[in-house]
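What follows is a single structure, written as C-alpha cells, with notes after it.
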Amino acid sequence: MEGLAIGDAAAGKIDKVTFMELLQQRKEVLYRIAYMYVKNEDDALDIVNDAVCRAYSSIKKLKEPKYFNTWVTRILINCAVDYVKKGRKLLPFHEEIINQTIEDSCDNYIDLYDAVDSLRGKYKTVIILKYFEDLTISQIAVIMECSESNVKNYLHKALCDLRVELRESEF
Amino acid sequence: MAYIKIEQSKVKYMDIKIPDSLDRTIEQAIKGSEKTRKRYFVKCASSIAAILLIFVLGVNVSPVFAAYARKLPGISQLVEIVKFDKGLEKAVDEGFVQNIGKTVEDKGIKFTIDNVIVDKSRLVMTYTIETTEDYDDLYIGEMKLSDSNDIGLETGYDIDMAPNSNFKEKKKKSATINVVGPEKGFPENIIIKCLSFKSQKENSSKEIKGDWTINLKLDKKLMDVKPKEFVINKAGIADNVEFLIEKMKVYPTNVEVKISMDKESKVIYLNFINPRLEDEKGNQYPIAPIATPIFSPKECILKFQSNYFNKYEKLFFKADGVYFVPKDNDELIIDLENKKVLRDGGFNIQLAGEKENVTVRDKKYDLQLNYVIKDEEVKREAATRGLMGGVWFDSNLYDENNNVYKYHRGDMHSTSECKDIEGAFNIINMDKKPKILIVKIIGASKGIYKPINVRIK
C-alpha cells in the first residue's frame, strides 16, 4: 500500500491520507493564488500541479501537519514565481495600462484585482497575501521566509509602484 | 492619487472559478510523483494550424516483410518498449508495424516518433526524446493530436512517461503513446503537436515550451485490416448476477469483448475483477493498458491484449468476480434539512459535517458536504486494489426540483483497511440551499468474489 510507505518514511509525521485531507482543504486557496499570477486556468493548473508534485515529494521535510498550510502556500508561491520568471506567461500589463485604468475610472478608484498584474515577484506576492488572502504581516513573513519589516517594506514599495493609496472600506 | 476599494477587488478574487479539473490535476500530480510508471490521460483538443508534410513508408503485412522488418535497426528495441502488452509484442514480431523515424528539434530537445502500430481501434506510437542539456529527467508536457484539418481527435490518449529509464546518464529515453481509436477509426493524416516538455533537476521541475510538430501518414493497409468478429451470445453467472457475452472483435492491437446485462437484472454497472482471456494452452490475455472504460449501466466493452496472431482452439473469458450496484437502489439521497442520508445504495455512506457558505456576491450559496463510506467490503477492496473512492458517483447532482448542479469532487481514498473512505461534494453558486440532494451511484468496489469462467470459442 502506497500510503503506508510514505507514512513510514516520514516516521509517522504525515502520511498520504493526511496529506490529501489537508490538501483538499487548501486546494481552492492554492488555485486562486496561482491564478493571480497568471490569470488563466491552464497555467494556474500547471502551477498547482508543480506545487503538489514538489510538496508531495518533499513531504518528509514537513515536521508537523499544523504547518501544512504555510508550507504548501510557500511552495506554491515559489512555483508560481518560477513559472512567471521563466518568461512563460508574462502578463501584458505595464505602467501605461495602469495609468489607463486610473484615468478610465472616473471616480478615481482602481481595481486591485487587475492592478496587481503590473507587479512582479515579491511585491505581487505580498499584495495577494495581504489583501486577497487577508493574512497578517507576521503570517506573510513566515510564508515568505523573511522578517516582518521586510514584508512591510515590500508592501509599501508595492503600493508606491501602484501609485495608489489604500482606502479600506468602511461598512 | 487613486484609491482602491478592497472589497470589490476581493469579490473578483473570490469569484475566480475553480475548474472542475483541479481535483484531477492534484490527483495526477500525486500519482505522478509516486508511481513508477508515470502515465496520464488527456482529452485531445483541436490544435493550431500546421503545414502538412506527407510521407509514406509502406509496410506490407506479409511474411516476407515480417522477415525483413526483424532485421531493421531499432526493431529489437521496439520489442523491448512494447513488452508491457504481449499483444503488441506479437504484432511487432509479425511485422505489423509502420516505421516512421521522424525527428523534430526545438529548445535543445529532439523528439522522434520511431514507429507506429495501428489498426482501427488503437494507435500505439513509440517515441524517443533526447537532449544534450543536463536534466535529471525529461517528460512530455502538453501534447495535442489532430487530423489534417486541425480538428482534435475525439478520443483519449495515454503517455508512458518512462520515469525509470535512467535518463540522467543516457540523455535519451523511449516509450509509448497509446491512443484509443475514435468511433470512426483514425484519419489517415495525424498531426502530433508537442507544446511543452517538463524537465526535472534536483527536485525542481520546469516546463520548456516550444513546438515539436510531427505529421504522420498512417498506412491504410494497416488500418484496413478487418478484425476477426465472433458472435458469442453466451451467458455467464456469478451467484445471482447474470450477464451476456455478446460478441468479440479481435484486432491486431487489442480484443474488444462486449458484455451486456439482462433488462430484468437486479444489478447495474458491472465491473469485472481482474478480467482476462485465456486459451486452452493457458496463455492469458489481460486487459490492455489503454484508457479506462466508460461507465454505462447496462453494457460494457472490455479491451484485452490481442491474440490476433496467436493460434488457439478454445478461448475462455475469466474473472475473479464482479463489482456491481443494485439496480433499484443506485442513488445516494441526502436530506439536507435533517442532515440525514435517506438512501445510500447499501454502501453505508454517512454524512461527516457540512460547511455552508453564503458568499457576498448576490447571496450565492456554497456548500461543502463531507461524507464517509463505512462499508467494510468497499473499504477492503478499495484498499487492496488501490481504487480511488471505492464508490463512484455521477458528475451531476440533483435537488428536489430536479435542478442540476455540477460539483467538485473531494474524494480521498484511504490506503489502510481500517480507515473510512472520506469524500466531499463541493457545490458553488447555488441560488438557495436545496432540501434534498440526489446523485447516481455509478460503481462501487463491492460484489461477488467467485471465479467466472465462460468458454467463448
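By convention in this document, chain letters (A, B, ...) are assigned in the order of the sequence lines, proteins followed by strands, and residues within each chain are numbered from 1. Heavy-atom basis, side chains included; hydrogens, waters and symmetry copies ignored.
Side-chain polar atoms of A:Y83 and A:D50 form no donor-acceptor pair below 3.5 angstrom. In the model, A:E133 has a side-chain atom that pairs as donor or acceptor with a side-chain atom of B:Y13 under 3.5 Å.
There is no contact between A:N78 and chain B, counting heavy-atom distances below 4.5 Å. Contact of B:K17 with chain A is made through backbone and side chain together, with heavy-atom distances under 4.5 Å. Neither the backbone nor the side chain of A:I47 has a heavy atom closer than 4.5 Å to any heavy atom of chain B. Residue A:E28 touches chain B through both its backbone and its side chain, counting heavy-atom pairs closer than 4.5 Å. For chain B, the nearby part of A:Y31 is the side chain; its heavy atoms alone come within less than 4.5 Å. Contact annotation for A:R54: only side-chain heavy atoms (C-beta onward) come within less than 4.5 Å of a heavy atom of chain B. Contacts of A:L23 with chain B are made by side-chain atoms alone, with heavy-atom separations under 4.5 Å and no backbone atom involved.
Using a 4.0 Å cut-off between charged nitrogen and carboxylate oxygen, B:K206 and A:D82 do not count as a salt-bridge pair.
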Report task. Test B:Y405 against B:F425 for ring pair (Phe, Tyr, Trp, His ring centres under 6.0 Å), laying out the working first. Result -> CA-CA 10 Å; B:Y405 302 101; B:F425 299 109; over 10 Å; no
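Comparing A:D42, A:L30, A:V48, A:D134 by heavy-atom pairs within less than 4.5 Å of chain B, the highest count is held by A:D134.
Other residues, nucleotides and ligands contribute at most 12 non-hydrogen atoms within 6.0 Å of the NZ atom of B:K168.
Under a cutoff of 6.0 Å and an axis angle of 45°, B:K209 and B:F197 do not form a cation-pi pair.
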